[in-house]
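Scroll down for the structure; my scribbles are underneath it.
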Amino acid sequence: MNKLLPTLALLCSLTAQAEPRATGDLGLIIEREDSAALIINTTTHTQLAEIKGLGDLSHASVVFSRDQRYAYVFGRDGGLSKIDLLQDQLTKRIVQAGNSIGGAISQDGKLIAVSNYEPGGVKVFSADTLELVADIPAEYAPGKRSKVVGLVDAPRQKFVFSLFDAGEIWTLDMKNPQQPAIAKFKNIGKEPYDALMSPEGRFYIAGLFGESGLALLDLWDTAAGVKRILPTYGKDDDKLPVYKMPHLEGWAMAGDLLFAPAIGKHEVLVINKRDWTLLKAIPVVGQPVFVMARPDARQIWVNFAMPDNNQLQIIDVKDLAVTHTLTPGKAVLHMEFTPRGEQVWVALRDDNQVVVYDTANLQEAARLPAKHPNGIFFSSRAHKIGF
């Protein structure tokens, strides 16, 4: 018994020194040039740890386990990394493809799906072990595989994604992981490049780069097939250079309205969800990249491609007009709202900073150092569909 006393004393000491940490106000800031991510506390505006060795993060995205303890980082090099937000450590990392563009977590939190450019397709892994569960090649013709984009989770243990080269949308049912079920919707439009899922998980909307309009799949009525939205918008306009592709996961749905970036134009489109018609095109200062709604849906925050990427504009949803323009710093790349929207965090890549704004008075609440930040992701995403 006496031999156990030193061990017990040490364990009690460690327990007493350990600072409890809740997961609900944690998040990750991606440091794109350093293959690293910062674990941060969104309430206290503090950095808790830096996790290194995450590979190519030039186009990184993150999802969270349902208990908000683990973050899964998708790297451009095909890397899939699992980070323990409580232990401040990289739990496991695999390289599952040659070129990856993002991923999603299943409704029950047990599966991680990754969309790949090379080889084209989707791979599904165990969220616990990162062992391969299913490999879904995006083969749309004999010997031809498409780049996969716009992968999101959907209700009933499904994933939905688009095939850039084929002009198709596929749904992947993983209720039985040993027998994945695929439904294919063809001829949806040329070059779907990204997509969003509506907050309730009903509508999957893919943007089209190769032609005008959007492609809509109603998951409550898949027998109706894919519907085209705004098929003639900008059809006869001169094609302008696109300096940065819009990220459609950042599209905003506010009540009966959908706010979307217009490709190559200085406009944010307002679409009526009741009949999917264009209600208004709001002029903005540059080519919009992210168009994001504050959680209460009163404000829409917009950032821009170069050369206007030092600015942010805020649209008032009631008036459907730009009310404020901010210049937070160089290369505004990403935004993330706190769960109830009282603050928004903004990545300033070329200033090596993240700035936090109070969304009520638009005053700065904090600035944090970060090395070339290009993505901000909060653990509250764990409880949202389509993120």
Side-chain angles (χ1 to χ4, degrees), residues 23-30 37 40 42 57 59-75 80-83 85 100-115 122 124-125 127 148-162 171-172 174 194-207 217 219 246-254 258-261 289-297 300-301 303 333-341 344-347 374-387:
T23 57
D25 60 355
L26 299 182
L28 284 185
I29 297 174
I30 300 297
I40 49 92
T42 66
L57 301 181
H59 190 286
S61 61
V62 180
V63 298
F64 296 87
S65 60
R66 62 190 301 166
D67 62 4
Q68 301 177 309
R69 175 169 181 173
Y70 297 102
Y72 300 87
V73 181
F74 307 98
L80 171 59
S81 303
K82 182 179 181 179
I83 295 174
L85 299 175
S100 179
I101 198 66
I105 189 167
S106 63
Q107 185 177 42
D108 65 1
K110 295 181 179 180
L111 301 173
I112 303 293
V114 189
S115 58
V122 171
V124 183
F125 300 87
V148 171
V149 298
L151 171 66
V152 298
D153 63 281
R156 302 181 65 190
Q157 204 67 356
K158 292 182 179 181
F159 298 101
V160 189
F161 52 91
S162 297
T171 63
L172 172 62
M174 292 296 296
D194 203 353
L196 79 94
M197 180 68 75
S198 59
E200 79 289 340
R202 176 176 180 177
F203 298 109
Y204 178 86
I205 304 174
L217 177 63
L219 295 178
H247 285 256
L248 305 190
E249 185 184 290
W251 289 8
M253 288 196 174
L258 165 66
F259 293 79
V289 178
F290 282 101
V291 176
M292 303 182 70
R294 196 171 69 180
D296 66 355
I300 305 296
W301 286 58
N303 74 328
L333 287 195
H334 198 261
M335 300 170 286
E336 185 84 334
F337 288 95
T338 49
R340 299 197 180 200
V344 63
W345 291 48
V346 180
N374 72 322
I376 305 173
F377 305 89
F378 293 164
S379 62
S380 56
R381 286 176 173 242
H383 308 300
K384 296 179 180 179
I385 297 171
F387 274 83

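Rounding to the nearest 0.5 Å places NZ of Lys158 at 13.0 Å from CG of Asp153. We find the CD1-CG distance between Ile205 and Leu196 to be 5.0 Å, quoted to the nearest 0.5 Å. We find the OG-CZ distance between Ser61 and Phe74 to be 5.5 Å, quoted to the nearest 0.5 Å. Here Tyr72 contributes atom OH and Leu80 contributes atom CG; the two are 8.5 Å apart, rounded to the nearest 0.5 Å. Between Ser198 atom OG and Leu258 atom CG the span is 9.5 Å, to the nearest 0.5 Å. Atoms OG1 and CG, on Thr171 and Leu219 in that order, are 7.5 Å from each other to the nearest 0.5 Å.
Under the 3.5 Å distance criterion, the side-chain polar atoms of Gln107 are matched with a main-chain donor or acceptor of Arg156. Looking only at distances, a side-chain donor or acceptor of His334 sits under 3.5 Å from a matching main-chain atom of Ile376. Ser379 places no side-chain N or O within donor-acceptor distance of the main-chain N or O of Gly27, the cut-off being under 3.5 Å. Side chain of Thr42 to backbone of Asp25: a donor-acceptor contact under 3.5 angstrom is found.
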For this session: Evaluate the criterion side-chain contact (heavy atoms from CB on, under 4.5 Å) for residue pair Phe203 and Leu217; output intermediate values, then yes/no.
Result: CA-CA 6 Å; Phe203 298 109; Leu217 177 63; over 6 Å; no

For this session: Take Val73 and Leu57, measure what side-chain contact (heavy atoms from CB on, under 4.5 Å) needs, and give me the verdict at the end.
Result: CA-CA 9 Å; Val73 181; Leu57 301 181; 4.1 Å; yes

Problem set entry | Stepwise side-chain contact (heavy atoms from CB on, under 4.5 Å) test for Ile101 and His59 | CA-CA 7 Å; Ile101 198 66; His59 190 286; 3.6 Å; yes

For this session: Let me see the working for Leu85 and Arg69 under side-chain contact (heavy atoms from CB on, under 4.5 Å), right down to the final yes or no.
Result: CA-CA 5 Å; Leu85 299 175; Arg69 175 169 181 173; 5.5 Å; no

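For Ser65, the side chain to side chain donor-acceptor pair (under 3.5 Å) test picks out Asp67, with sequence neighbours left out.
In this structure, Phe378 has its ring center closer than 6.0 angstrom to the ring center of Trp345.
The minimum heavy-atom distance between Val122 and Ala113, with the atom names listed, is CG1-CB, 4.2 Å. When all heavy atoms of Leu111 and Phe159 are compared, the pair lying nearest together is O-CZ, 4.2 Å. Residue Ala254 comes nearest to Ala297 through the heavy atom pair CB-CB, 3.6 Å, listed as atom of the first residue, atom of the second, then distance. Taking every heavy atom of both residues into account, Pro155 and Glu200 meet most closely at CG-O, 4.2 Å. Between Gly103 and Val63, the shortest heavy-atom contact is O-CG1, 4.0 Å. Here the closest heavy-atom approach between residue Pro295 and residue Gly341 is recorded as CD-CA, 3.4 Å.
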Side-chain donor-acceptor pairs under 3.5 Å in residues 380-387, sequence neighbours left out?
residue : atom : partner : partner atom : Å
Arg381  : NE   : Glu336  : OE2          : 2.8
Arg381  : NH1  : Glu249  : OE2          : 3.0
Arg381  : NH2  : Glu336  : OE1          : 3.0

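For the pair Leu28/Ile40, no side-chain contact is recorded, criterion being any heavy-atom separation below 4.5 Å from C-beta on. In this structure the side chain of Phe64 reaches within 4.5 angstrom of the side chain of Val62, judged on heavy atoms. Residues Trp301 and Phe290 are not in side-chain contact: their nearest non-hydrogen atoms beyond the backbone lie 4.5 Å or more apart. By the 4.5 Å heavy-atom criterion applied to side chains, Pro199 and Met253 are counted as neighbours.
A cation-pi arrangement is present between Lys82 and Tyr70, with the terminal nitrogen or guanidinium carbon under 6.0 Å from the aromatic centre and inside a 45° cone about the axis.
For Gln157 and Asp108, the side-chain atoms include at least one donor-acceptor pair closer than 3.5 Å. Side-chain atoms of Tyr204 and Ser162 form a donor-acceptor pair, as typed in the model, at a separation below 3.5 Å.
Here the options are Leu151, Val160, Val124, the test is side-chain contact (heavy atoms from CB on, under 4.5 Å), and the partner is Leu172; only Val124 passes.
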